[in-house]
Structures are given as structure tokens and as C-alpha cells.
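Hydrogens, waters and symmetry mates play no part in the numbers below; they use all other heavy atoms, side chains included.
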Amino acid sequence: MASVFTAQKARAAHLEAKGKGKDKGKRKADDMDADNEVQQPKQKRNKQRVLLLSSRGVTHRMRHLMNDLEVLLPHVKKDSKLDSKSQLHLLPEIADLNNCNNTLYFEARRHEDLYMWAAKTPNGPSIKLHVQNVHTMDELKMTGNCLKGSRGILSFDKAFDETEWGKLTREVFTHIFGVPPLARKAKPFIDHVLTFSILDNKIWFRNFQILEKDPLQPNGPSQTSLVEIGPRFVLTPIRIFEGAFGGATVYSNPEFVTPASARSLVRQNKGDRYRQRKDAQEETSKRKDLRKREENVLAVSKVFA
């Protein structure tokens, strides 16, 4: 009996030692995996989604511009029009409901003035810009054509680095117009370039297609060139806010004149010209009356009466 118990104890000790060896090997493997995870950090995924919507009162050209931007940016989520132009604080909530962290809001005024809000939701910042010289794809009738849903290269002018508002605008535009590589509707191709240039304190937007061969010589040697597709428009920065659609003013453009004020000045100048013309007519009529009176006093009938 003593020998049997001794054999069982020896077998139990052997199994326990074997198990400890397995655990030790497993711990070494886990430590190696942990070291590999530390050495190879997980790549950060670019999760950018843009909410695109407008206010009431947009014209057909404004609506076509929004459709062109929706085609260019496959990570855009389009929503219905916002009824109230004064309750912009609702836009961050709408963006949150649509799982979007960027917002492009087009605000129409008097059925002729278009303003664009580019904002990071829900914490900001947000940029208000005046949109001018809008030309859509259908209106331009250009020969270029890119794949729908393809990603584009963003090209910014070096003038963006010269000012603080330019750096902030470039960062916001990079998040909004830069299509993530893993976007749901994005194609794994890059065939166009979105350019942003600053001239006369205005941002000029152009869209070019990348051609690797000459269209006139399809069988010839490869020759990279750019062909403009559209749309094109000009943005005038008005004000940059710290929050989303509100908050403290970070930048204000002192040279900006509202379109309503410009039209009022034009009407005022027309009114001044009309007033000057009427005053000149009155002076002419007065001179004619005075001349007639002098002729009547020196008339022959009165002198030799």
C-alpha cells in the first residue's frame, strides 16, 4: 500500500510540473503577442462623415451645386431642408442623429444670395462663407469625366500657411472634402484633384481630372495632364466661430461687404445720378426763363414805345 501511494504522489507531482511547463510556455506566447502589439500599433481609422443640407428658398443653380458636391464626396449623407434659418443650433443634433461629425449647410437669402457653413460637429469650429460665381457640371459642359465615388487629392495653395484663419480653414476643409479610404460608397481609385487657392482674400475652388494619356492620341505614350471637370465657385470667408454654428468669434473679415449692402449702394448711386440729372434740368429751365425775361425787357416794342 505504501508503494502504491508513493507512485500516485509521484505521478501527481509529474502532472503538476508538466502543467506548470505548459502554462509557462503559454505565458511566454502571450508576452510575445503583447510585445508584437506594442511594436506594431494599430493604424488609426479615418472616420469622417459629412451631413449635407440646405435651407428653404434655394434656386435651381444652388440645388445643382449641392448635387455635384454629393457626387464628388461619397462620404456625404444628404438630409432634407431645414425650415428655420434662425435655429442653427439644431444642426449639431441632426448631425448626431445621422452619425456625422462634419456639416455642410447652404443658407439661401432673398433667393439670390448663397452662404455656406462648414462646421465640425458637435464642438466646432465653424466657418461661414459667401458663395459666388457658381458654375455647375451641367452648366460648364466640360470634356472631363471622373468615376463616380472615386477619391480625390486635395491641393491647397501655400497662402493657406501664411495666416491663422487660412490654417484653420485648411484643416476643416481637409476633414470635409477628404474622402476616407474606407468610406462605404468610396471606390479604391484616385482620378481627380480638388484645388483650393487664395486670391484677393477669397478661396477659389476647382476640380480637375487626372488624365494619364492624351485623348487625341489614345495609343500614344503616357502623358499626365489635368482637365477641369467642375463644379467651380468662389468662397469669401465672413466669420469663423469657436463652436458649431455659434460661439465666440475667432476671425472676422473686415473687408467683407454683404450683397444687400452692395445692391443698396448701387441703387443709391443710380438715385444720385438721377437726382443730379433732374437738378441740371431745373437749372437749364431757369436759365431759359431768365433769358426770355431779358429779351422781353429789351424788346423793340418796349424800347421805342
When you measure from the side chain of [X] to the backbone of [Y], do you find a donor-acceptor pair of N or O atoms at a distance under 3.5 Å?
| X | Y | value |
| --- | --- | --- |
| N207 | G230 | yes |
| H75 | R49 | no |
| N253 | P237 | yes |
| T195 | R206 | yes |
| D79 | L53 | no |
| S264 | A260 | no |
| S55 | L82 | no |
| N269 | L265 | yes |

Point-to-point distance, once rounded to the nearest 0.5 Å, from [atom1] of [X] to [atom2] of [Y]:
| X | Y | atom1 | atom2 | result |
| --- | --- | --- | --- | --- |
| D191 | I229 | CG | CD1 | 7.0 Å |
| F245 | L90 | CZ | CG | 10.5 Å |
| F233 | K202 | CZ | NZ | 14.5 Å |
| R239 | L129 | CZ | CG | 13.0 Å |
| S54 | L65 | OG | CG | 10.5 Å |
| I240 | T169 | CD1 | OG1 | 4.0 Å |

Looking at every non-hydrogen atom in both residues, tell me the closest pair between [X] and [Y] and how far apart they are.
| X | Y | result |
| --- | --- | --- |
| S155 | V193 | CB-CG1, 4.0 Å |
| T121 | P92 | CG2-CA, 4.2 Å |
| G243 | S126 | O-OG, 2.8 Å |
| S261 | V257 | CB-CG1, 3.9 Å |
| L52 | V76 | CB-CG1, 3.6 Å |
| E228 | R232 | OE1-NH2, 2.8 Å |

Look at the aromatic rings of Y115 and H130 and report parallel, tilted or perpendicular, splitting at 30° and 60°. tilted
Is the shortest heavy-atom distance from the side chain of [X] to the side chain of [Y] under 4.5 Å?
| X | Y | answer |
| --- | --- | --- |
| R61 | E139 | yes |
| M62 | H111 | no |
| E242 | P125 | no |
| K81 | V58 | yes |
| F256 | T236 | yes |
| L88 | W117 | yes |
| R170 | D161 | yes |

Determine whether more than 12 heavy atoms belonging to other residues, nucleotides or ligands lie under 6.0 Å from atom [atom1] of [X].
| X | atom1 | answer |
| --- | --- | --- |
| E112 | CD | yes |
| E212 | CD | no |
| K47 | NZ | no |
| K185 | NZ | no |
| W204 | CH2 | no |

Worked verdict on L73 versus V50 for side chain to side chain contact (heavy atoms under 4.5 Å, CB included): CA-CA 9 Å; L73 308 176; V50 183; 5.6 Å; no
Does K120 form a side chain to side chain contact (heavy atoms under 4.5 Å, CB included) with N102? I'd like the steps, not just the answer. CA-CA 5 Å; K120 291 287 297 179; N102 302 283; 2.8 Å; yes
Chi angles and distances behind the side chain to side chain contact (heavy atoms under 4.5 Å, CB included) call for R63, N67: CA-CA 6 Å; R63 187 171 63 252; N67 294 335; 4.2 Å; yes
Does the ring center of F196 lie less than 6.0 Å from the ring center of F205? yes
